[in-house]
Amino acid sequence: MTLQLVLFDIDGTLLDGHGIGRAATRRAMLELFGTAGNLDTHSFAGKTDWGTLCEILGASEETIGRHMPAYEASIERHMRDLAAEFELFPLPGALETVQALHERPDFITGIVTGNTSVTTPIKLEGAGFDPAWFPVRACGNEAAHRNNLPPIALERACAHSGQAIAQQDVTVVGDTPADVACAQALGARAVAVTTGFSSREALQAARPDHLLDNIAGLLPLCGVNSLV
Ligand SMILES: [Mg+2]
């Protein structure tokens with residue numbers, strides 16, 4: 001049985017966090033670094049939290065890498081506190097799409113996100129996703145650049161399944177040109193959705209293999225016909 005790996009971005013692709021990420025980032029940055037810099041106008045789209053901290057603080061990847069364990073502990077605590085104040089919503093079709101693929105024995109569903117590995121399950125749960133649906137993850141505390149995340153996820157998927165999975169059997173789904181680029185860097189199929197933070201024109205310019213207005217359109221692309 002050939003296994004296919006489908007890697008989902010979180011914000012703008014699976015769910016709308018209504019600003020919880022920025023709020024938790026602000027609290028963690030103030031706690032650890034004493035400043036949130038230009039966070040209010042910072043664009044998170046397509047970036048990793050590691051890269052975001054480098055950019056806002058003007059710090060090297062190495063410096064931020066050293067602070068990352070403390071940052072994760074801080075942002076996890078703050079996001080848990082904020083989860084009661086923010087309503088997170090799954091985007092239309094997202095819950096059903098992930099469930100339908102997760103239940104197929106020939107698919108592994110995973111996450112490639114700029115969020116940290118500790119805030120990822122908080123956001124997923126807040127929007128109604130069972131984090132267990134995503135046994136393979138590569139997160140924004142593991143690389144400063146998004147292009148470095150899909151290879152990590154692929155390696156973990158091979159270890160998780162005990163099978164070799166080829167790049168061409170990987171699909172990356174995301175809402176920004178950076179999601180498309182990280183798929184292309186791996187040689188994976190790039191599926192872009194217009195439900196997030198980028199315009200249709202910007203996504204088209206990134207030349208994804210498919211551009212969808214609703215993530216449920218992923219199922220026919222994967223040869224899965226019915227929603228659960
Ligand atoms: Mg996104």
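Note that the structure is predicted; figures quoted are calculated from it, not measured. For ligands, and for the atoms within them, numbers begin at 1 and follow the listed sequence.
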Check: residues 181-188 side-chain donor-acceptor pairs under 3.5 Å, at least two apart:
residue : atom : partner : partner atom : Å
Q184    : NE2  : A206    : O            : 3.1
Q184    : NE2  : R207    : O            : 3.0

### Query
Under a 4.5 Å cut-off applied to non-hydrogen side-chain atoms, are D9 and V173 in contact?
no

### Task
Check whether the side chains of E72 and S117 place a donor and an acceptor atom closer than 3.5 Å, and report yes or no.
yes

### Pairwise ring pair (Phe, Tyr, Trp, His ring centres under 6.0 Å) hits with a residue in residues 57-83, at least two apart
F33-H67

### Task
Would you please indicate if the ring centroids of F89 and H18 are separated by under 6.0 Å?
yes

#### Entry: Metal environment of the Mg ion (ligand 1), protein N/O/S under 2.8 Å
D9 OD2, D11 O, D175 OD1

### Query
Can you name the residues that form a side-chain hydrogen bond (donor to acceptor under 3.5 Å, both in side chains) with R66, not counting sequence neighbours?
none

